[in-house]
Every structure is written in C-alpha cells, then in structure tokens.
Amino acid sequence: MLCFSTEEDLLTCLQIKLYHPQQSCNDFYDRLPLGTRRRHAADDPLRLGRDNQACAYILVDPRVSRKQLALYAYHIPQSSEMLFIIQNLSQRGKLSVNTSALGYLERMDLPDKALIRFGEYEILIIRESGEAMANFEVEFEVLAVPPSRETSTSLWKEQTSMSLPPVMETCSDSRISLSPKDSSFGPQESDETLPCYS
C-alpha cells in the first residue's frame with residue numbers, strides 16, 4: 001500500500017539504500033518496492049530476508065538468510081520520537097552496524113545514519129524523524145556505488161572481526177550462477193529448505 005502522509009503528524013521514514021557488487025547482473029531487488037514510500041505498522045517488526053512468508057521485504061538471493069535482520073520501532077517515555085533497534089536474525093552469519101558486529105539474535109539501537117553490512121551487501125539506513133506514533137514509512141533505493149565510499153574510511157578499518165570480501169566493481173554480462181553449494185558465498189543455514197526464485 002502506498003503511503004501518502006495523510007496522518008496529522010509527520011511519519012518517521014527509514015530510507016534504506018542498498019548496494020551489492022553484482023546487482024547489475026542479478027535481480028536481487030525484484031521483490032522490493034523501489035522508489036516508493038510504504039507505510040509500515042510500528043508494532044510489526046520490519047524483517048528483511050529471502051523468506052516471503054517470514055519477511056515483509058525480500059532479497060532474491062540464495063546467499064541471504066531466510067530471515068536476515070529485523071528492525072523494531074519503539075518510543076522512550078514522554079517522547080513521541082520513534083527510534084529503532086536492529087537485530088541480526090541470521091544463525092550463521094555476522095552483521096555489522098557501523099563499527100559494531102552483531103552475532104545471531106544480538107541487537108542494538110539503530111543510529112540515525114547506519115551502514116549495515118552482511119555478506120557482500122552494504123545497506124545505508126537513514127532515519128528521518130517524525131511525530132506519528134502508530135506507523136512509519138520505508139523507502140528503498142539502489143545505490144550505484146558502495147555507501148562505505150562516502151563514509152570515513154577509518155570507521156570501517158575497525159571492523160577487523162568481520163573479514164568481509166572485497167567489493168568488486170564489475171561483473172560479466174552473463175548471469176552469475178548463484179548456487180547455494182558454492183562455499184565462496186558464505187554459509188547457509190542448515191534448516192533452510194525454501195528455494196530462491198528469480
């Protein structure tokens with residue numbers, strides 16, 4: 001459902017900007033509502049992953065966990081400001097938020113501007129403040145260059161525990177095979193049985 005800011009109060013908006021080095025030759029974002037603002041109920045966790053039954057927003061990539069991450073909205077007492085917590089839902093992979101690494105089910109407050117990294121994905125999340133209590137907006141966008149390039153390089157040097165693969169600038173014209181058995185793409189969860197459809 002498209003959001004048209006009809007509430008009296010301004011809705012908080014999460015701008016979610018995605019980058020993957022192979023995005024130009026794969027359909028990772030085909031199931032995301034790119035370029036439109038969508039309303040999301042504040043009491044419903046926003047889940048991103050590849051399972052279309054467990055997640056509101058889908059990445060079409062077998063290397064992504066069924067449930068990769070969740071964002072939870074909350075308010076502090078005597079404040080109408082909507083804040084968020086991010087939680088890593090992947091059983092086998094770490095997720096980084098700026099300079100902090102989160103293991104399975106670990107969570108932390110989401111900064112107003114945060115670079116999220118897992119696998120080869122970089123996701124920049126920017127929170128625009130609003131006053132509405134019951135809903136917030138989400139807007140997805142694809143970036144042409146890695147968002148880490150626009151951020152201080154020293155911030156990412158501190159992430160020694162993440163051992164992320166280097167970002168590739170180009171890919172071949174033919175579609176890249178995304179075989180889940182290819183160990184270079186990182187571990188898969190052992191209980192994953194749902195296929196990934198392009």
Side-chain angles (χ1 to χ4, degrees), residues 13-32 34 45-51 54-72 83-128 138-171 176 178 180 182-189 192 196:
C13 182
L14 290 180
Q15 294 180 7
I16 303 178
K17 304 174 185 232
L18 305 118
Y19 176 81
H20 188 284
Q22 298 169 2
Q23 65 192 18
S24 64
C25 41
N26 289 282
D27 301 324
F28 299 140
Y29 313 131
D30 276 5
R31 305 277 303 280
L32 293 175
L34 299 174
L46 185 158
R47 291 186 186 91
L48 178 70
R50 65 176 173 82
D51 184 341
C55 299
Y57 299 100
I58 311 302
L59 289 172
V60 186
D61 184 346
R63 297 167 291 183
V64 170
S65 292
R66 291 183 302 113
K67 293 183 285 186
Q68 188 71 47
L69 62 88
L71 299 173
Y72 300 87
L83 302 173
F84 294 86
I85 289 172
I86 184 168
Q87 183 177 38
N88 179 11
L89 299 179
S90 176
Q91 295 182 32
R92 304 286 293 278
K94 289 201 175 188
L95 176 143
S96 72
V97 182
N98 292 341
T99 58
S100 301
L102 298 179
Y104 177 54
L105 294 184
E106 292 180 346
R107 58 172 65 187
M108 65 178 283
D109 282 322
L110 184 72
D112 289 344
K113 186 174 184 179
L115 179 65
I116 313 303
R117 301 178 86 180
F118 55 89
E120 292 183 274
Y121 286 91
E122 290 188 14
I123 302 176
L124 181 65
I125 301 180
I126 300 171
R127 184 182 69 91
E128 293 178 357
V138 182
E139 182 175 24
F140 286 92
E141 176 186 343
V142 177
L143 297 175
V145 295
S148 57
R149 280 193 181 177
E150 300 173 10
T151 314
S152 171
T153 312
S154 62
L155 193 65
W156 318 119
K157 287 182 179 176
E158 298 176 30
Q159 296 181 324
T160 54
S161 65
M162 294 303 295
S163 64
L164 296 168
V167 174
M168 300 181 335
E169 293 301 316
T170 60
C171 57
I176 293 175
L178 298 177
D182 188 339
S183 61
S184 67
F185 292 140
Q188 292 283 309
E189 295 176 56
E192 292 179 351
C196 178

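Not measured: the values here are computed from a predicted model.
Two residues are said to be in side-chain contact when any heavy atoms from C-beta on lie closer than 4.5 Å; Val138 and Leu71 fail this criterion. Within the 4.5 Å cutoff, the side chain of Val60 has no heavy atoms near those of the Asp27 side chain. With a 4.5 Å cut-off on side-chain heavy atoms, Ile86 and Phe84 do not count as touching. Leu89 has its side chain out of reach of Ser65: every pair of non-hydrogen atoms, C-beta onward, lies at least 4.5 Å apart. Considering only heavy atoms from C-beta on, Leu110 comes within 4.5 Å of Ile116 through its side chain. With a 4.5 Å cut-off on side-chain heavy atoms, Leu18 and Leu32 count as touching. Counting heavy atoms from C-beta outward, Ile123 and Leu48 have side chains that approach closer than 4.5 Å. Between Gln87 and Leu102, every side-chain heavy-atom pair lies at or beyond the 4.5 Å cut-off.
With sequence neighbours excluded, no residue forms a side chain to side chain donor-acceptor pair (under 3.5 Å) with Tyr57. Taking Arg47 as the reference, nothing meets the side chain to side chain donor-acceptor pair (under 3.5 Å) condition, with sequence neighbours excluded. Every side-chain contact (heavy atoms from CB on, under 4.5 Å) that Asp112 has, sequence neighbours left out, goes to Arg127. Qualifying side chain to side chain donor-acceptor pair (under 3.5 Å) partners for Glu139, counting only residues two or more places apart in sequence or in other chains: Arg37. For Ile126, the side-chain contact (heavy atoms from CB on, under 4.5 Å) partners at least two apart in sequence or on another chain are Gln15, Lys17, Lys113, Leu124. Residues that satisfy the ring pair (Phe, Tyr, Trp, His ring centres under 6.0 Å) test with Tyr72, not counting sequence neighbours, are absent from this structure.
In terms of modelled atom types and a separation under 3.5 Å, the side chain of Arg50 and the main chain of Val64 share a donor-acceptor contact. Proximity of a side-chain donor or acceptor of Asn88 to a complementary backbone N or O of Gly93 within less than 3.5 Å is detected. The backbone N or O of Arg63 lies less than 3.5 Å from a partner atom in the side chain of Asp61, making a donor-acceptor pair.
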